[in-house]
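The basis for the numbers below is simple: all heavy atoms, side chains too, and nothing from hydrogens, waters or symmetry mates. All residue numbers refer to positions in the sequence shown, counting from 1.
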Amino acid sequence: VTGVQTCALPISQSMFVVRADFDGSVDAMQAACQSAYPAGPGLAVIESAEDMAKAQAACDARPTDTGKPPHCVLGLRRNGNSFQWMDGQPHGSYRNWDAGQPGACCGETAVSFGTWGDGAQWHDAGTQESPTGMALCRTTWNGNSFQWMDGQPHGSHGTMRGRRRA
């Protein structure tokens, strides 16, 4: 058709959400992320520099009054001498380890980033039972629905429809 322009829009977009209220082990954080954000893999899986930039922006905006370390826990865990994403994907070609990381100290098996290096470098820090930081969940927005930051679907907290502004 003459004069008609088309454009391509992304069908879905990855989003990252820091949850200071998801406590416990890495497995507990993973389960909480999957329950609250079923459209995502759970704890953050980082596949590219673009993903890392989004994850870092979410982590930089994290709550600061939680009493927790200022780091964000990724869904990457040590399995022997290698690392694997918790959703079953192998640790792919994108890596963002800080200098000297991953280390071989202290039985560290969890992976976080935050205030080390420039703030975006990964560190093996903490254990699966006691990770260092707050849960960083990954979800997908498909352009058709919204959910509140507490993971509840849009509409579950009531509506402003029919109310007057003061």
Taking the side chain as every heavy atom from C-beta outward, state whether [X] and [Y] have any pair of such atoms under 4.5 Å apart.
{"X": "T66", "Y": "M134", "answer": "yes"}
{"X": "F113", "Y": "L136", "answer": "yes"}
{"X": "M29", "Y": "V73", "answer": "yes"}
{"X": "F16", "Y": "I46", "answer": "yes"}
{"X": "Y37", "Y": "R19", "answer": "yes"}

Rounded at 0.5 Å granularity, tell me how far [atom1] in [X] sits from [atom2] in [Y].
{"X": "R62", "Y": "K68", "atom1": "CZ", "atom2": "NZ", "answer": "12.5 Å"}
{"X": "Q34", "Y": "C137", "atom1": "CD", "atom2": "SG", "answer": "9.5 Å"}
{"X": "Q121", "Y": "R95", "atom1": "CD", "atom2": "CZ", "answer": "15.0 Å"}
{"X": "Q56", "Y": "N96", "atom1": "CD", "atom2": "CG", "answer": "8.5 Å"}
{"X": "N79", "Y": "W85", "atom1": "CG", "atom2": "CH2", "answer": "14.5 Å"}
{"X": "E108", "Y": "T132", "atom1": "CD", "atom2": "OG1", "answer": "7.0 Å"}

Kindly give the heavy-atom pair with the smallest separation between [X] and [Y], and that separation in Å.
{"X": "F22", "Y": "A36", "answer": "CZ-CB, 3.9 Å"}
{"X": "P131", "Y": "G24", "answer": "CD-O, 3.3 Å"}
{"X": "P41", "Y": "Q30", "answer": "O-NE2, 3.0 Å"}
{"X": "A58", "Y": "V18", "answer": "O-CG2, 3.3 Å"}

Check whether more than 12 heavy atoms from other residues, nucleotides or ligands sit under 6.0 Å from atom CD of E47, and answer yes or no.
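It does: E47 CD has more than 12 such atoms within range.
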
Decide if the gap between the ring center of W122 and the ring center of H91 is smaller than 6.0 angstrom.
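Here the rings of H91 and W122 have centres that are less than 6.0 Å from each other.
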
Aromatic ring centroids of W97 and F83 under 6.0 Å?
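Yes, the ring centres sit under 6.0 Å apart.
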
Inspect the contact between D87 and R138 and indicate whether a charged nitrogen and a carboxylate oxygen are less than 4.0 angstrom apart.
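Here R138 does not pair with D87 in a salt bridge, since their nearest N and O are not under 4.0 Å apart.
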
Check step by step if side chain to side chain contact (heavy atoms under 4.5 Å, CB included) holds for M86 and V26.
CA-CA 9 Å; M86 292 184 70; V26 172; 3.2 Å; yes

Let me know which of D27, T109, D124, L43 forms a side-chain contact (heavy atoms from CB on, under 4.5 Å) with R77.
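That would be D27.
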
